[in-house]
Every structure is written in structure tokens, then in C-alpha cells.
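Structure record follows, encoded as C-alpha cells.
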Amino acid sequence: MAASAIVMPKLGLTMTEGLLASWRVAPGDRVRNGDVLFVVETEKIATEIEAQGDGRIETIEVAAGATVPVGAVVATWSGGGAAAAVPEATPEAAPVASQPRSSGGERIVATPLARRLARDAGVPLATLVGGGPRGRIRARDVEAAIAARAAAPATSDAPAAGDRRAATGMEKTVARRMAQAKQTIPHFYVLAEADVTELLKLRDDLNAMEGLTRISINHLVMAAVGRAIVRMPEINVVWDEDAVVQLAGSDVGMAVDSGRGLFAPVVRDAGGRSLDALARDVDALVARARTGQLSGDDLAGGAIAVSNVGMHGASHLVPIINPGQSAILGVAAIKPVFRPDANAQPTLCREIGLVLACDHRVHNGVAAARFLDCVTGILQHPLSLLRG
Amino acid sequence: MEGVATVTTRPSGELNVSGAPDAAGLLDLYGQMVLIRRCEERLGALFADGEVPGFIHLSIGQEAVSVGVMSALRRDDTIASTHRGHGHAIAKGLPLEGFFLELLARDEGLCRGRGGSMHVADTSVGMLGANGIVGAGLPIALGSALAHQQLGRDAVAVAFFGDGALAEGVVHECFNLARLWNLPLLFVCENNGWSEFLPSSKQIAFKLGELSAAFGLPHVAVDGNDVAAVAAAAADVVGKVRAGGPAVLECVTARMRGHFEGDAQKYRNPDEIARLAERDPVGIAARQLLKTGIDEAELTEVAETVERRVEAAVAAARGGRDPDFEAAKAGVYARAGGGHG
Amino acid sequence: MPARGAVMAELRYLRAVNQALDDAMAADPSVVLFGEDVGEAGGSFGVTRGLRDRYGPGRVRDTPISEATIAGAAVGAALSGLKPVIEIMFMDFTTLVMDAMVNQAAKAHFMFGGQGSVPMVLRTPHGGGLGAGPQHSQCLEAWFAHVPGLKVVCPADPVSAYGLLRAAIDDPDPVIVVENKALYAMKVEAPERLEAIPIGKASIVRPGRDVSIVAYGAAVKTARDAAERLASDGVEAEVIDLRSLQPWDEAAVLASLSGTHRLVIVHEAVEAFGVGGEIAARMADIGFDELDGPIVRVGAPFMPVPFSRALESAYQPSVERVVAAVRRTLE
């Protein structure tokens with residue numbers, strides 16, 4: 001059987017290139033349908049690319065560490081399916097760069113000035129994420145890291161004593177992406193408390209009904225955010241390479257700790273779907289995340305995500321924005337508090353702590369506060385959530 | 001300067017220009033030819049022994065041209081020489097020690113060990129340099145003549161070149177321009193019959209006299225191995241050049257050695273080489289001197305004096321220092337600044 | 001005609017060159033001019049107009065069409081007390097002067113062990129844009145800048161044209177003064193005083209913090225125009241007029257690079273093996289730790305200068321190409 005191409009898949013609408021982070025197969029390896037072939041890192045996520053049939057790997061065309069355009073041939077195989085080949089490879093879609101690897105791992109691409117600044121500041125280049133072409137670390141990337149470090153509480157430079165183990169590829173990817181997000185996205189935060197007394201009552205009432213998907217606070221928050229986006233579409237924007245991109249619809253991402261790493265799948269049309277449909281989608285995405293079955297499209301899109309740690313008792317969560325998005329809502333635990341009522345008498349309330357982290361390149365404080373107020377309002381008067 | 005070098009600074013007219021020089025004058029010229037001959041023989045030996053680096057072209061057999069022409073020049077007259085220029089340099093009055101120091105690539109050499117055989121120069125005596133490029137001396141001499149004319153000096157410039165150079169374009173450009181501007185420039189062609197490894201008859205399609213006539217340049221041909229004849233002709237023609245414009249002096253001579261030292265001359269008829277001794281300009285001058293009544297002892301004394309001078313210069317040269325690289329690197333420009341290097 | 005050094009309302013490039021020759025000849029009787037048609041005709045571009053009448057046919061000489069001998073004679077004259085300024089009508093014709101310049105003029109001071117020097121100037125116009133075709137448009141200055149012993153300057157404006165030529169004539173070494181013929185008509189407001197500009201010193205013609213653009217000759221204007229366009233996008237380019245190519249002011253370029261961390265080099269000459277390559281190589285060495293992006297050159301492609309306007313306009317470095325080069329360094 002003639003060898004056919006395995007190409008860099010398009011893992012989302014805006015993806016134009018991907019970093020081939022690591023190979024899980026070598027030339028000559030037999031693979032079965034579903035075996036992981038390689039790991040792709042995009043701006044959003046590390047994705048394991050699986051074989052779409054049985055076959056044998058013939059050649060590896062792109063070294064791990066290289067960033068290649070979507071559609072570029074990364075390997076060839078002889079097999080019974082289309083492998084990971086999404087689009088047909090074209091001759092001009094060859095790898096743009098095949099970066100050498102040193103025996104110690106990926107070569108770090110950095111400008112001479114960036115290297116000097118990092119050396120002078122004692123910042124290991126390996127901890128940085130480059131924003132330049134092919135991930136090149138530039139002076140501004142180092143400066144951002146230095147600034148971030150200065151803002152962080154002082155710690156000893158010495159590594160913590162204790163057992164060490166090498167991080168997994170997924171852990172490294174998550175670490176790198178989180179560091180990049182924190183270093184390159186100018187975060188600001190707006191905080192609010194939402195009285196969820198009514199929301200809890202609505203949840204309980206809904207769950208008392210037969211035949212419907214069990215509704216959680218998380219479902220309700222996702223729905224509230226989606227509906228707030230519908231009311232304030234101007235919040236649904238992202239920053240992309242010196243451009244402001246207005247997204248359509250009301251997709252909302254959510255942070256999922258899969259046990260194998262942090263994922264951020266996206267629920268479609270969270271503002272327009274019925275609670276029941278939304279809940280089913282959310283549950284399905286969480287299940288796919290935990291079983292490693294998320295597709296590229298599951299991860300694409302969305303300007304805003306929700307990260308909910310409410311079940312773990314924290315009063316507030318100050319989250320980091322997912323790369324490629326512009327906001328994230330940190331949702332914490334529900335706690336009983338006394339609040340003055342209209343007569344200044346203490347009243348028992350159930351409140352939830354909300355922190356909206358925003359990218360200041362596309363959002364300002366007023367818009368963020370209004371949006372958070374909108375979400376809070378929906379949560380406090382949740383009957384509107386019943387409108388599908 | 002003492003000894004033979006004083007001849008080069010003697011004002012023209014001191015020699016009997018209407019005919020052959022007198023006996024004393026001829027003895028002087030003879031002494032200079034012996035000096036050049038001995039210097040070059042010594043250089044040949046030093047080269048064979050590896051003491052002279054690079055490669056050298058000897059003018060043995062052509063000494064009468066250098067000595068005869070230079071006897072008609074003053075110190076402030078200028079010359080541009082060729083790759084076969086040792087004779088021109090010594091006859092123009094270069095200090096012998098500085099000459100040998102340069103040929104042995106010493107820091108104390110005339111050119112601080114940066115030029116060597118093909119670039120010996122001494123601007124203080126009007127020697128504007130030997131030259132590694134055939135024909136390149138002609139425009140330089142022409143420019144020097146232009147300076148003499150423009151600055152109102154009555155000096156002349158002399159361009160030496162071989163018959164092989166007649167094939168170079170600048171010869172024709174310079175003949176033309178010298179005539180147009182009526183420059184005090186004497187073209188001296190040392191016609192030794194060879195263009196490197198080929199006879200000039202296979203290289204040059206014209207006669208120099210006819211070429212000169214085409215440019216309106218006076219052309220004088222002389223036996224270039226008869227120093228008295230060269231001196232007489234040079235005195236005459238240099239006087240005319242100084243007074244009124246360019247001319248061509250063709251000295252018919254012979255190259256007694258190869259194109260360069262080490263040249264086996266396989267291309268040359270052995271009979272021709274064997275006959276060269278008959279035309280040796282040093283021998284011709286010696287016979288002329290003996291006829292005038294000068295005895296062998298005087299010629300021997302000249303040779304011994306020359307031998308002492310040459311050996312003293314060689315000894316001095318051997319004692320010289322190697323040049324300093326950083327100093328040489330700093331010597332590329334008269335006024336350095338900026339850049340890197 | 002205005003008095004020497006006096007205020008003039010405007011100064012044209014061609015007039016500045018003429019003025020420099022005039023002032024130098026007035027100041028030093030050993031300065032002479034010669035070349036093809038520099039005398040009676042006043043130069044094929046009119047640069048030497050009026051000088052023969054003022055200084056006589058001895059000091060301003062018409063030569064026959066003998067470039068090799070014009071240059072060789074300048075060497076001999078310079079070794080014998082004159083300060084010759086020769087004109088080679090088009091830089092393309094300097095192919096014919098190479099022995100005199102490379103083997104004679106460049107070497108004399110060095111190979112004669114420091115005896116004397118060759119204080120000559122070779123003026124020649126380079127550059128295209130006039131439809132002059134492959135043999136009348138070339139920018140060959142890198143050839144000369146490659147030869148130890150020669151100096152090369154390339155004025156970008158009338159004030160530099162005056163100042164660099166005066167400095168060249170005063171210099172004890174052989175200097176090639178390259179004038180871009182497309183600049184001859186350029187005019188500027190005349191400064192109060194015209195004076196010599198030191199060889200080897202660059203000039204910052206526009207300060208900026210984001211990227212350094214090094215240029216010389218006509219490319220300086222291209223670089224300035226590009227800087228204006230970039231400024232409208234918030235990119236502040238520093239434009240350096242190199243003025244001298246050999247020696248060139250690497251200290252100034254390094255200082256600028258140390259402020260901007262990005263470098264673009266623009267010249268009209270062919271990019272391959274050119275002046276820009278030398279600057280880039282040098283800055284990649286001594287300026288390595290300052291670089292925050294690739295060094296980008298903008299020059300002519302590796303092809304002869306074409307005749308057709310359609311071809312030649314694409315051949316010459318454009319503002320657009322400089323802007324694009326700057327963008328690349330900023331990625």
C-alpha cells in the first residue's frame with residue numbers, strides 16, 4: 001500500500017499553525033486505530049493526535065519542536081484510513097522550519113538580546129514562552145517575565161528540597177501555556193458576590209422534576225455567562241496578533257481538570273440553548289475530557305471561560321485567562337452570610353464569590369464591571385435562565 | 001652619500017654629452033654597473049639560499065641602461081620602474097643597506113619589509129617604486145611629469161618599461177597624453193627581446209620607432225649594452241625633454257638571466273645564452289676603459305670596493321629585525337580613523 | 001555668485017560639489033582637476049562648470065578617453081606634490097581604473113613603508129533611476145571599500161557633498177567620492193557655513209527608538225520616507241546616514257543598535273556581498289547581544305540594472321520594501 005500523508009491537523013477555526021510538541025511513534029511502528037501519534041500544541045491546548053485507522057508509520061517529516069502550518073506533512077504512513085489527515089497536504093504547505101533538537105531537549109529560540117537580558121536577570125530561558133515568529137523569545141518576553149517575577153511574592157531562588165520527577169509532556173505544556181498567559185496577557189480583575197439564594201431554589205426545583213438532566217450550580221453559571229454574552233456581545237472579543245477579533249455566538253469555555261491535565265473545552269451557544277441541552281453538553285464535554293476524547297473543535301473558540309472550584313470550599317478563585325481568550329470567571333464556594341435587608345435587619349443569604357479576570361488589551365474596567373454585574377444579576381434573578 | 005651614488009646626483013652636463021663620457025666619467029659608470037651586477041649576483045645567491053623571500057627578477061645584462069640613463073638625471077627628477085627594477089633603484093641612489101634590508105624583508109628596510117623586490121622605492125631620491133604590474137609605471141611617471149610641469153619645476157620624469165609592456169594599453173594612452181600635454185616625460189624602453197617566456201617578435205606587431213612617430217614623439221634608439229652610448233644619448237634626450245616635451249629612448253639590450261630567478265629558460269636557445277657574454281655591458285665598458293689607458297688594477301680595485309660595500313650591506317641586512325605586524329597593520333593609511341581592521 | 005562660506009538661500013547638490021572644488025582650489029594651488037570633459041564642457045553633468053575659466057587650463061584639464069591613465073597619472077601626480085581630483089564620468093567606467101586604484105594608489109603608502117602617500121580624489125557618479133541602463137547606473141562602491149588603502153565616501157545631500165569632498169581633498173590618502181547622479185538636482189536650505197565633514201563619521205538624520213535604519217547616498221532619502229510612514233503607525237525609526245563607507249562609523253551604528261536593538265540596512269547597490277553585508281556581519285559580531293531581531297538588508301536584487309522604467313523602478317529599493325524590512329525586525 002502506498003504511503004500517505006499525515007498532516008498537521010486544523011484544531012480550530014483560527015488555527016493556522018501548530019507546534020509539534022512530541023512524537024509518540026517512530027518510523028516502522030505499527031499503530032492501531034486510536035493510538036496516539038503525536039502531540040500538537042496550539043495557542044489553546046496540547047492535543048494528542050490519534051491514528052484514524054490501523055497501519056504502519058513510514059517516515060517522520062517534522063522534528064519534535066518544530067512549528068508547521070496547518071496541512072503540512074508531518075509524517076507518512078501506510079494504513080487503512082486517513083490518519084490524522086484532515087485537509088489534503090499541498091506541496092507549498094511544507095514545514096516552515098525544522099528546528100534542531102539538542103540532546104537535552106528542544107532548542108530554545110531566543111534573540112541575542114533576550115538571551116542577555118534573561119542571563120542578566122537570572123531568568124531561565126526554558127521557563128519563557130516566546131511571542132515572536134516560530135516561538136522566538138524576544139526582549140519583551142523576557143521583560144514581561146521579569147516584571148511578573150517582580151510582582152510576585154519574593155521566594156528563594158533555590159529550588160525546593162524534596163523528591164523531583166521529570167514533568168510529563170502534558171504538565172510541561174500546561175506550565176508553559178499558563179506562564180505565557182500570565183506573562184503576556186495584561187490581567188485585571190473585577191470581583192463581586194452574588195446572592196444565590198434564588199438560584200439554589202431554582203436548581204432544587206428543577207432537579208425535583210422527573211426526566212430532566214440533573215442541573216448543577218456549574219450548569220447555571222455557564223448558562224448565566226452565556227446569556228450575559230448575548231446581552232453584551234461587545235464582551236465577546238479576543239486579542240490576536242495586533243488585531244481585535246469579535247466572536248459571534250455565545251460560546252463559553254470551562255476549565256476541566258481531567259486528571260491528565262487541564263483542559264478548556266468550549267460549550268456552544270451557551271446563551272441561546274435551553275438549560276437542559278446546555279447541561280447535557282457540559283456533561284458530555286467533561287466526560288470526553290476525562291477520557292481523553294476531546295477533539296480539536298471541542299477546544300476551539302470562545303472568549304470567556306468559567307473555572308469553578310466551588311465544591312472545594314474556597315471563598316474566591318482568581319484565575320488565569322486561557323491563551324487565546326480574553327476573560328475567565330472564577331467561581332468559588334457558596335457560603336451563608338448575614339446581609340442587611342431593606343430595614344437594616346440581618347438576613348441570612350447564600351452568596352457565591354465571583355472574580356472576573358480580563359485581558360486589558362481588549363477590555364476595560366467599566367465594561368468588565370458591567371458584564372460581571374450582568375452575570376450577577378442573572379444569578380440573583382435566575383428565572384430568566386429558563387428562557388431557552 | 002659617497003662613492004658611486006654621487007653620480008646619480010650629479011647635475012646633467014657634467015658628462016661630455018656630445019659624445020662618449022671621458023675616462024673618469026666612464027670609470028664612474030663602470031663602477032655603478034659593477035655595483036648593480038654584484039648586488040644582483042648576491043641577491044641571486046641569497047634567493048637560492050632562501051634568505052630572500054618571494055621571487056625576484058634580475059636585470060643582469062641590462063645595467064648599462066640603468067646607469068646610462070640615470071647619469072643624465074638629477075636627484076629631483078623622478079622615475080617609475082618595473083618588476084626588473086633593482087638596477088634602476090641602485091642607480092637612482094637608493095641607500096644600499098636599506099635596499100638589502102628590504103629585500104631580506106627587514107623592518108629597517110626602505111619599505112619596512114612590506115614591499116620587497118618588486119616595490120622598492122625611495123621618494124627622497126625620486127624613485128617612485130618598482131612595480132609588480134607590467135606597464136603600470138607609465139601613467140605614474142606621466143602623473144609625476146604633470147606635477148613637475150604644473151608646479152613649475154624643471155624636473156623630468158622617466159618611465160622605464162620593457163618591450164613586453166608595449167602590448168599594454170596604457171602605453172598607448174600615455175604616449176598620446178604625454179604628447180597632448182607636452183609633458184617633461186621620457187619613455188625608456190628596455191628592449192631585451194623577451195616578453196617573459198616568449199620572444200617579443202611573437203608578441204609585438206609593430207616597431208617602437210613607428211609607434212612613437214605615430215604619436216609625434218621623438219624616438220632615439222641606442223645600444224643599451226654600451227653604457228657610454230646610453231649615457232650620451234640620455235644626456236641629449238633628457239636635456240630636450242627638460243626643455244620641451246616627451247620623447248622615447250629605446251635601449252636595445254639583453255636579458256642574461258631568466259624571467260625570474262629559478263627560471264630554467266627551457267624556451268631559450270642555449271646558443272643564444274652562450275653568446276650573451278660577448279654583449280655583457282660590464283665587459284664592454286671594461287674593454288673601453290682599458291683602451292683609454294686605465295689599467296686592470298684600477299678595475300680590480302673598483303670590484304673590491306664594490307664587494308666590500310655589498311657584503312657590508314648584506315651583513316647589515318642579515319642583522320635586521322622582523323617587522324612588527326601591528327605596526328604594519330597600522331600603516332595602511334597615512335591618516336587612519338574610523339572603521340575597523 | 002555668493003562669497004565663499006557666505007549665506008546662500010538654497011544649496012543644490014551639484015552646486016555644492018562645484019563649490020567644494022572651487023574652495024579647495026582657491027585654498028591650495030596644488031589641487032588640480034582632470035578628467036573627460038571636465039574643462040571646456042564643465043563636466044558631463046556640469047559639476048566642474050566655470051572652474052577652468054577661474055583656474056586656467058593647467059589646473060583644470062580635459063583628458064582624452066583614457067580612464068586607466070587618468071587614474072594612474074593621478075597616482076604619479078599625488079606622489080609628486082599635487083592633489084589631483086579626477087572625475088570618472090560614470091562609476092561603471094571605474095572598471096578601467098582598477099589597476100591604478102587597487103594596485104597603485106591603495107598600496108603605495110603601505111608598500112613603500114610609509115614613505116609619502118597618495119592624496120588623490122576620484123569623483124564618480126553612481127546610481128540608477130534615470131533609465132541609463134546596465135553600463136551607466138551601477139553602484140560599485142563595495143569594490144573599493146573592499147580594498148585596504150582606499151577610502152570611500154558617499155554623500156547623501158548637498159551639505160555632505162560639500163563637506164565630504166573638502167575632507168577628501170584634504171586627506172593624505174586616496175579617496176573615492178561617490179555621488180549619486182539622481183541627487184545632483186537635490187536642493188536644501190543652505191547652512192550658514194559650509195565646512196569639511198570628517199571622513200568616517202556617520203550622521204543621525206532622524207532619531208528613533210524602535211529600529212535603526214542605516215543608509216547612504218540616495219537610499220538615505222528612501223530610509224527617511226520609510227521612517228515617516230512607520231511613524232504614522234507608531235514605529236519610531238532612527239535613520240543613520242553613513243556618509244563614509246570606508247572607514248565606516250561602526251561605533252555610531254553600534255550605539256544606535258544598542259538603543260533600538262533592531263537593524264535594517266538600505267542601499268541602492270546590489271545586496272549580495274555588499275556594504276550592507278559588511279555592516280550586518282560586523283553588528284552580528286560586536287553587537288550580538290544587542291540584537292532583538294534579525295538584521296535585514298534592503299538593496300538591489302542580484303541582476304544588472306535594467307533599462308526600462310518598469311523594470312528599474314522595481315529594481316531600486318523602495319519605501320515599501322524598507323517598511324516591510326522594518327516590520328520583519330519588529331516581529
Side-chain angles (χ1 to χ4, degrees), chain B residues 78 80 102 107 109-116 118-124 126 128-129 131-133 135-151 153 155 157 159 168-170 172-174 176-177 180-181 183 323 328 331-341, chain C residues 29-30 32 34 58-59 61-82 84 96 99-100 103-104 106-120 148-149 151 171-173 198-202 244-251 282 286:
Chain B
T78 48
E102 182 60 27
D107 193 39
L110 274 168
C111 303
R112 304 198 63 188
R114 297 174 196 167
M118 274 187 286
H119 307 292
V120 282
D122 186 348
T123 54
S124 71
L128 301 183
N131 212 303
I133 309 297
L138 280 88
I140 292 174
L142 184 137
S144 189
L146 170 64
H148 296 327
Q149 181 188 70
Q150 188 58 38
L151 295 173
R153 303 189 290 234
E168 290 280 9
V170 285
H172 305 258
E173 293 185 13
C174 286
N176 183 46
L177 199 45
L180 282 171
W181 287 352
L183 295 173
V332 176
Y333 291 96
R335 184 189 292 163
H340 74 93
Chain C
S30 68
V32 298
F34 53 96
R59 292 183 67 191
R61 294 180 185 231
D62 283 314
T63 68
I65 304 168
S66 302
E67 286 85 0
T69 290
I70 293 168
V75 177
L79 285 169
S80 300
L82 290 180
L96 298 165
D99 179 65
N103 285 321
Q104 315 300 334
K107 310 276 191 286
H109 176 75
F110 175 83
M111 75 180 173
F112 296 163
Q115 302 176 54
S117 67
V118 184
M120 66 171 286
K151 296 176 179 176
D171 200 274
D173 295 307
I199 292 174
K201 295 285 176 234
S244 294
L245 310 184
Q246 183 60 266
W248 62 279
D249 195 346
E250 69 175 32
R282 199 61 193 142
I286 61 174

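All values below were derived from every heavy atom in this structure, side-chain atoms included, with hydrogens, water molecules and symmetry-related copies excluded. Because the structure is a prediction, the values reported are computed rather than measured. The sequence lines fix the lettering, A, B, ..., with proteins before strands; numbering per chain opens at 1.
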Side chain, backbone, both or neither: which part of B:Ala121 has a non-hydrogen atom closer than 4.5 Å to chain C?
-> both

Most contact-rich option vs chain C, by heavy-atom pairs under 4.5 angstrom, among B:His172, B:His148, B:Arg153, B:Glu102, is B:Arg153

Judged by atom type as modelled, is there a donor-acceptor pair below 3.5 Å linking the side chain of C:Asp173 to the main-chain atoms of C:Ser117?
-> no

State whether the side chain of B:Gln150 and the backbone N or O of C:Ala77 hold a donor-acceptor pair below 3.5 Å, judged by distance alone.
-> no

Per-residue contact mode, B:Ala328 against chain C (heavy atom under 4.5 angstrom) = both

From CA spacing to verdict: side-chain contact (heavy atoms from CB on, under 4.5 Å), B:Leu128, C:Phe112 = CA-CA 9 Å; B:Leu128 301 183; C:Phe112 296 163; 5.7 Å; no

Do you know which of C:Ser244, C:Gly149, C:Gly58 has the most heavy-atom pairs under 4.5 Å to chain B?
-> C:Gly149

Take atom CD1 in C:Ile65; do more than 12 heavy atoms of anything else shown fall under 6.0 Å from it?
-> no

Give the member of B:Ala80, B:Gly115, B:Ser144 that has the highest number of heavy-atom pairs under 4.5 Å with chain C.
-> B:Ser144

Output all residues satisfying salt bridge (Lys or Arg N to Asp or Glu O under 4.0 Å) with B:Arg112, sequence neighbours left out; order by chain, then residue number.
-> B:Asp107

Looking only at non-hydrogen atoms, find the nearest pair between C:Pro148 and B:Val332 and report the distance.
-> C-CG1, 3.8 Å

Please look at B:Leu151 and chain C and tell me whether the side chain, the backbone, both or neither of the residue comes under 4.5 angstrom of a heavy atom of that chain.
-> side chain

Please confirm whether the backbone N or O of C:Gln115 pairs with a side-chain atom of C:His109, one donor and one acceptor, at under 3.5 Å?
-> no

Scored by heavy-atom pairs under 4.5 Å with chain B, the best of C:Arg59, C:Gln104, C:Met111, C:Lys107 is C:Met111

For B:Ile133 and B:Glu168, run side-chain contact (heavy atoms from CB on, under 4.5 Å): C-alpha distance rounded to whole Å, both residues' side-chain angles, the deciding distance at 0.1 Å, then the answer.
-> CA-CA 10 Å; B:Ile133 309 297; B:Glu168 290 280 9; 5.6 Å; no

Check each atom of B:Leu180 against the heavy atoms of chain C and say whether the ones under 4.5 Å are side chain, backbone, both or neither.
-> side chain

Closest-packed option against chain C by number of heavy-atom pairs under 4.5 Å, given B:Gly109, B:Gly331, B:Gly137 | B:Gly331

Largest heavy-atom contact set with chain C, pairs under 4.5 Å, which of B:Asn131, B:Leu142, B:Asn176 = B:Asn131

Is it the backbone or the side chain of C:Asp171 that comes under 4.5 Å from a heavy atom of chain B, or both, or neither?
-> both

